Trainee: 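Okay, handing you the structure first.
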Amino acid sequence: MAITMEKSVWDTVIDLTKTAQEKGSDPFFWAIQISSNLSSANVSLPSIELAHTLVSHICWENNIPSTWKFLERALMLNMVPPLLVLALLSTRVIPCRHSQPAGYRLYMELLKRYVFKLKSQISAPNFGKVMTSIEHVLCLSQIFGSQASEPGVLLVELVFTIVCQLLDALLEDEGLLELTTEKKSVLAIHTQEMDIDSYHNYDEKKLELRDKLRSMNTEIAVEIIGQFFQNGVTSRMICLVYHNMPKQWAAFTERLDLLATNSSTLRNPKILNPKDLLKLTSDAGKVSLWDYKKFSAKLAFGSLANPAHCQETSHSSLWLPLDVVLEDVMDGSQVTATSAVEIITGLVKSLQAINNNNWHDTFLTLWIAALRFVQRERDPMEGPVPRLDTRMCVLLSIITLAVADLIDEEENPLGESESVSTNNWIKRYDPHTRRKDLISCLQILGDYQSLLTPPQSIVSAANVAAAKAMMFVSGVDVTSGYLECINVNDRPTNCSGNMRHLIVEACISRNLLDTSAYFWPGYVSDQINQFPSRIPSQVPGWSSFMQGAPLRPVMINSMVSAPASSLAELEKVFELAVSGSEDEKIYAATILCGASLIRGWNVQEHSVYFITRLLSPPIPADYVGDDSYLIAHAPMLFVILVGIAPVDSVQIFSLHGLVPQLAASLMTICEVFGSCVPNVSWTVNGEEISAHAVFSNAFALLLKLWRFNHPPLEYGVGDVPPVGSQLTPEYLLLVRNSLVSSSGNVLKDRNRIRLSAVVTASCPKPIFVDSFPKLKVWYRQHQACIAAPLSGLIPESSVHQLVEVLLTMIFRKINKGVQSSATSGSSSSSGPASEDSPLRPQLSAWDILEAVPYVVDAALSACAHGQVTPRELATGLKDLADFLPASLATIVSYFSAEVTRGIWKPALMNGTDWPSPAANLSNVEQHIKKILAATGINVPSLAAVNSPATLPLPLAAFLSLTITYKLDKVSQRFLNLAGPALESLAADCPWPCMPIVASLWTQKAKRWSDFLVFSASRTVFLHDNNAVVQLLRSCFTATLGLNTNLTTSRGGVAGLLGHGFDSHINGGISPVAPGILYLRVYRSVREIMFLAEEIIFLLMQSVREIVSGGVSKQTRGKLRKTKIGPVYGQISFDTAMTKVKLAASLAATLLWLSGGQCLIQCLLNETLPSWFISVERSALEKESEEIVSAFRGYALAYFAVSCGAFAWGVDSSSPASKRRPKILGQYFEFIASALDGKISLGCDSVVWQAYVSRFISLLVGCTPNWVVEMDVDVLMRLSKGLVQWSEGDLALVLLTTGGMNTIGAAAELIIESER
């Protein structure tokens, strides 16, 4: 019955309409009659069915003026939904626009009248049903490839579809549609064709009128398209398509460009010209971004520093985090599991987004920061720390690889491009010219002469690079080995090179530049007119090697001292190391670990990759036997282990991200050679080595890769452990295995792709600690030793017997037979030892290491009881370490644990029993106080040591042991392991243990005195959190240039980092910049949880000092109403904002380095919410000017966004970004709840409002990917809160950035804000 009733209603409507047509009834009376009938049939208005009925009636059997008037009256009286009528007409009228130009004209008139009046239509009760009906009519889900059902989304799609319909009609009319990529209409619309009347029914006059009407329709269509972009509502809706539907937008812009370029219609001056049309569409993406752009304009970077001020300008100083991170890699106390390339690439992208830099300025700033980094090594202090080689590795290898990845990211996007997967509008404006920007910035870099002067040891390499360019320009074939054939003295006197020559060579070797760079103006000083008359045909070196010359000692020495210049040269050496003879393998390993590793900056990544692979040589196909195949490679492995042992070499492997794979290879070597009895020896370079030698070198190197020697306090303080404690064997293998598991997947990070290739080439399977049972046993023993006092030695067991043998061996020179039991903790021997029988046990290294803790415990107990003298203890332990150098690691482990127990009596450092520091202790203390005072640190507890100096017995014993070592290359490999352990051990003891240690070591190694004094000064901060806070305050003061009393008052990078370390000035180490001191301190600060609150407090204090500019509070009060432009106090708004951003950037950098992702997660989820809620902590002053509060909100916003960007990146390329949505989602929920009124805030309302508005502005402008990852409901709540603050534009940007899920809400907000 219902169906019959409905049919009768609409049949009645048709009948009434036909009757009205025939009678010529007034449309108003027709409308009243139709409304009355529908009302009696309980059909509500506006009616969807009525719209379908009327349009079907008109098109095209009743295409007469009266029916169009009826439709117009129905629209005026709101009887039919206008948008639905327009959608229905578009599918019928546009395909028939040639045969029915009048109908097309009427459609466009209705379009102009109703499509721009959306506010009243979305408030209709059946708006959702109307849009659903439109979706069915136009098949929007097929057009846009989505299943959107939200009315707002459908409305945006409708508006864009109408524009596309008009555009496609114009293109088809001019025969241009076939020139598009699809060669047809982008809109798959089901049209209803009509019966076209024959032309013979029209006379010539009517045909002429029709043609004129068609021409007018074309002009009107162009005009309407322009109106869509000029109207505030529809233009913003089109902007939503621009941001969230890139495929459809790309097709649309292609058509629009085609029309603007080739259309004859647009040449008519009476209508919109092509230039204006393209301008309207190019501005479409900027409409909703007005608020952020306006704010950014106030802070926009101009060009970077003038070469005359090469250190920095106020704008370039905003890249301070980069300088700090670069300087941080020089802390040789710990390596990292993450490649520096990955860290720097992520940091550069974050800073480029936050600072709104173009890529030219980004690359220029990056190179300038790296050059400053090298220049800080001008007068370094001596000591077992990374030196210039590490800095040059960063400049010429790491930075160059990072730049290469950034350029490759643009030119060869991996998988789906970033602009397609997200709505990152910043990247869409990128013209794909990063490579060109690199070239232009390197050309400008030549103006920064003071930064380009090479350090003395690099001058020769720079001159070679300059000579190479000069020879190329002069027509000399530089690939023929000519550079090797001439002596430095034979080169032209004017071919002096600088750091830019080295940078350009590094870029050319990685295909970032070509040799056209040699022809840049001023790059070469002159051409070579005369060449040496006598040039040897072949000089022993790389070129001769590549030509097939055999390896001779002279050639080997040449190749060791000179780095390879190409990958091909390294590959040939690597092949020799894999498949050559035994001697050739040793030679190849020696060459790879020589200059190619340390100074082969153009191929350094390949050097470390090949060396890493050689540590895991492939299993021979024909190998059979019970022993490991690695034993046959012992000589080569020994050469490599010795070659990569220096501090700089280890740091280079760390910078390239190979620590996880290096650790896995070393674990395998240790497991194999640690299980061997040393009954076989090999000769390497005239030195006889055993399995113990290979094991000891591998074991010492392995232990440098994780903080094995640190006491148990560092492994669990609070809810978040210190950053460095993650570097355990399990963690390193986990990182390594993640690269293996990702090797078959599409990785977004190019550096991880390279690392994955190296890892899988070494071993394509995951590796776990359980794969090394012997190592695991030692590791568990080491952990047990740290956790509890030593126990578990079973009498008469094999371990007990070995303990007795070792004790006899190390105390064989004692001419008294002291009987003591090892199990009771005292020294023991089975009788007087003969001087002629060393009694060295022929056991595996693992067996010996198992007994070492008990041996050391017995020896230390014997010393405590006076049974052996301190000198005999030190000599005995040294004999044990000489017997098996790897035992030094277990000695370190034991002493580190025993110091923390506090059960040993102190040792009196009086010069009789134990060495005395009295000779220079007071001098060391004075230098420590000088360093602290110059950095603004006042620690009253640093009183002079008047009483005799004492040390805990384990520390005294360990100190005495280390002093017995010579400072030669052999001992240095193991001192590099013991040194950091000794420093850590002394730092954990009460003051003044560390100055005593420094004093005694200074007596032994005077050239290390500056290093030792500086190390001792760092100990202060481990015992006094107030000193840490003072140091942080000094960092802020120096960076912002707020205090002229500090050593450096220029502010920025120069104020924070100064010139690094300057030695031998005024009789000792010169004052150190606060940033340098903090970078060498923060890893040892155990209680890091307080840092977030302190850094926020210092940031807020700094903001007040910046804004006040030194003006009194009364004077500032007179300026409270001053707006942007005039100054506040003595500083302009722009200058103040730049300094505020600098302070926030510094705060974020310090927090990120100090606590990593864990501390930043704590900041967002706990510290910042508590700060905003708390009245006491956030209210720094009872009275605060509004401008100060606003700047504080801005500072906190930059601080929070910078922290998130540093920790999780601005895109989704890093593994850390996977954790970002959950953490930020919780923080966004807090902000939304506060805006909803669900959370009461105690902070200043001005601070809160400034913070939220600026925080969201930064998100949508700098990190749009974050917004896309957030919950839709939270984003809508945030937008509502912004609207309540009259921040409608920002609310719209937020919803626009939120992706497809927030388009509907954005559209509704656009319409609701219509004036």
Side-chain angles (χ1 to χ4, degrees), residues 322 326 339-349 352 357-371 373-374 392-414 430-446 448 451-452 461-462 464-466 468-469 472-473 478-479 497-524 563-568 570 599-609 655-656 749-754 1213:
L322 183 59
L326 291 178
S339 167
V341 177
E342 181 180 336
I343 295 172
I344 292 173
T345 302
L347 183 61
V348 167
K349 289 194 285 187
Q352 191 261 351
N357 276 130
N358 57 45
W359 282 104
H360 169 87
D361 286 351
T362 296
F363 289 141
L364 182 58
T365 309
L366 179 59
W367 289 118
I368 289 175
L371 286 168
F373 172 66
V374 172
M392 293 300 295
C393 166
V394 172
L395 171 66
L396 299 177
S397 185
I398 301 302
I399 297 296
T400 311
L401 287 172
V403 170
D405 286 351
L406 291 169
I407 291 176
D408 190 57
E409 179 182 73
E410 177 192 62
E411 296 178 347
N412 302 294
L414 298 174
D430 194 339
H432 301 287
T433 57
R434 292 184 191 178
R435 188 181 293 270
K436 294 180 181 178
D437 287 337
L438 172 65
I439 294 173
S440 64
C441 92
L442 288 177
Q443 291 172 334
I444 294 175
L445 192 63
Y448 295 78
L451 289 176
L452 296 177
V464 169
K468 179 181 178 182
F472 184 89
V473 172
V478 295
T479 62
N498 58 33
M499 301 297 284
R500 185 170 72 137
H501 292 103
L502 294 174
I503 291 173
V504 168
E505 288 301 319
C507 291
I508 290 175
S509 68
R510 294 170 178 91
N511 298 319
L512 299 177
L513 301 174
D514 56 31
T515 51
S516 63
Y518 296 155
F519 296 92
W520 291 347
Y523 187 76
V524 295
S565 59
S566 67
L567 174 60
L570 290 178
R599 296 193 305 277
W601 306 301
N602 299 341
V603 291
Q604 196 169 55
E605 65 272 26
H606 302 295
S607 296
V608 294
Y609 295 164
L655 291 171
H656 284 280
D749 185 89
R750 287 153 180 79
N751 182 66
R752 291 180 65 83
I753 293 175
R754 290 192 295 267
S1213 61

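Computed from a predicted structure; not experimentally measured.
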Trainee: Look only at the side chain of Asp437 and the backbone of Ser440, and say whether a donor-acceptor pair between them is shorter than 3.5 Å.
Mentor: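 The answer is no, because no donor-acceptor pair under 3.5 Å joins these two groups.
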Trainee: So how far is it from Glu505 CD to Lys468 NZ, rounded to the nearest 0.5 Å?
Mentor: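 The CD atom of Glu505 sits 4.0 Å away from the NZ atom of Lys468.
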Trainee: Taking side chain as C-beta onward, heavy atoms only, is Arg752 less than 4.5 Å from Glu342?
Mentor: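 Yes, side chains in contact.
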Trainee: So, taking the atom named CD1 in Ile344 and the one named CG in Leu366, what distance separates them when rounded to the nearest 0.5 Å?
Mentor: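 One finds 7.5 Å between CD1 of Ile344 and CG of Leu366.
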Trainee: Okay, side chain of Ser509, backbone of Ala506: is any donor-acceptor separation there less than 3.5 Å?
Mentor: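 Yes, the answer is positive, given that a donor and an acceptor are paired below the 3.5 Å cut-off.
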Trainee: For Ser339, give me all partners under side-chain hydrogen bond (donor to acceptor under 3.5 Å, both in side chains), at least two apart in sequence or on another chain.
Mentor: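 Scan of Ser339 (side-chain hydrogen bond (donor to acceptor under 3.5 Å, both in side chains), adjacent residues dropped) gives Asn751.
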Trainee: Between Asp408 and Arg750, does the salt bridge (charged side-chain N to carboxylate O under 4.0 Å, His left out) criterion hold? Intermediate values first, please.
Mentor: CA-CA 8 Å; Asp408 190 57; Arg750 287 153 180 79; 2.7 Å; yes
Trainee: At what distance, to the nearest 0.5 angstrom, does CD1 of Ile444 lie from CZ of Arg500?
Mentor: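 Reported value, rounded in 0.5 Å steps: 10.5 Å.
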Trainee: Is there side-chain contact between Gln604 and Ile398, with heavy atoms separated by less than 4.5 Å?
Mentor: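 With C-beta onward as the side chain, the pair stays apart.
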Trainee: Would you call Glu409-Lys349 a salt bridge at under 4.0 Å N-O?
Mentor: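 A salt bridge is present here (some side-chain N lies under 4.0 Å from a carboxylate O).
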Trainee: Quick one: side-chain contact (heavy atoms from CB on, under 4.5 Å) partners of Ile343, sequence neighbours excluded?
Mentor: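 Scan of Ile343 (side-chain contact (heavy atoms from CB on, under 4.5 Å), adjacent residues dropped) gives Val325, Thr338, Trp1152.
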Trainee: For the atom pair CG (Asp405) and CG (Asn412), what is the distance rounded to the nearest 0.5 Å?
Mentor: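 Between atom CG of Asp405 and atom CG of Asn412 there are 11.5 Å.
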Trainee: Is Gln352 reaching over with its side chain to a backbone N or O of Asn357, donor-acceptor style, under 3.5 angstrom?
Mentor: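 Yes, Gln352 side chain to Asn357 backbone: donor-acceptor pair under 3.5 Å.
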Trainee: What distance separates Asp361 CG from Asn358 CG, expressed to the nearest 0.5 Å?
Mentor: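 Result: 4.0 Å between the selected atoms.
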Trainee: In a check of side-chain contact (heavy atoms from CB on, under 4.5 Å) between Trp359 and each of Val403, Ile407, Leu364, Leu406, which one passes?
Mentor: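 With Trp359 as partner, Val403, Ile407, Leu364, Leu406 yield a single side-chain contact (heavy atoms from CB on, under 4.5 Å), made by Leu406.
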Trainee: Main chain of Asn498, side chain of His501: is a donor-acceptor contact present, judged purely on distance under 3.5 Å?
Mentor: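 Yes; at least one donor-acceptor contact below 3.5 Å.
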Trainee: Considering residues at least two apart in sequence or located in another chain, which fulfil the side-chain hydrogen bond (donor to acceptor under 3.5 Å, both in side chains) criterion with Ser565?
Mentor: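 Partners of Ser565 by the side-chain hydrogen bond (donor to acceptor under 3.5 Å, both in side chains) criterion, ordered by chain and then number, come out as Glu569.
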Trainee: How long is the gap from CZ on Phe373 to CG on Leu322, to the nearest 0.5 Å?
Mentor: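 Answer rounded to 0.5 Å: 10.5 Å.
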Trainee: Tell me the salt bridge (Lys or Arg N to Asp or Glu O under 4.0 Å) pairs involving residues 507-522, sequence neighbours left out?
Mentor: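 Qualifying pairs, neighbours excluded: Arg510-Glu605.
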Trainee: List the residues meeting ring pair (Phe, Tyr, Trp, His ring centres under 6.0 Å) with His656, not counting sequence neighbours, and say none if there are none.
Mentor: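 With sequence neighbours excluded, His656 shows a ring pair (Phe, Tyr, Trp, His ring centres under 6.0 Å) to no residue whatsoever.
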Trainee: List the steps and the verdict of side-chain contact (heavy atoms from CB on, under 4.5 Å) for Trp601 and Leu395.
Mentor: CA-CA 9 Å; Trp601 306 301; Leu395 171 66; over 6 Å; no
Trainee: Does a salt bridge link Arg434 with Glu411, judged by any charged N lying under 4.0 Å from a carboxylate O?
Mentor: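 No, this pair does not count.
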Trainee: Leu442: which residues meet the side-chain contact (heavy atoms from CB on, under 4.5 Å) condition with it, sequence neighbours left out?
Mentor: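 Applying side-chain contact (heavy atoms from CB on, under 4.5 Å) to Leu442 gives Trp367, Leu438, Leu445, Ile503, Cys507, Leu513, Trp520.
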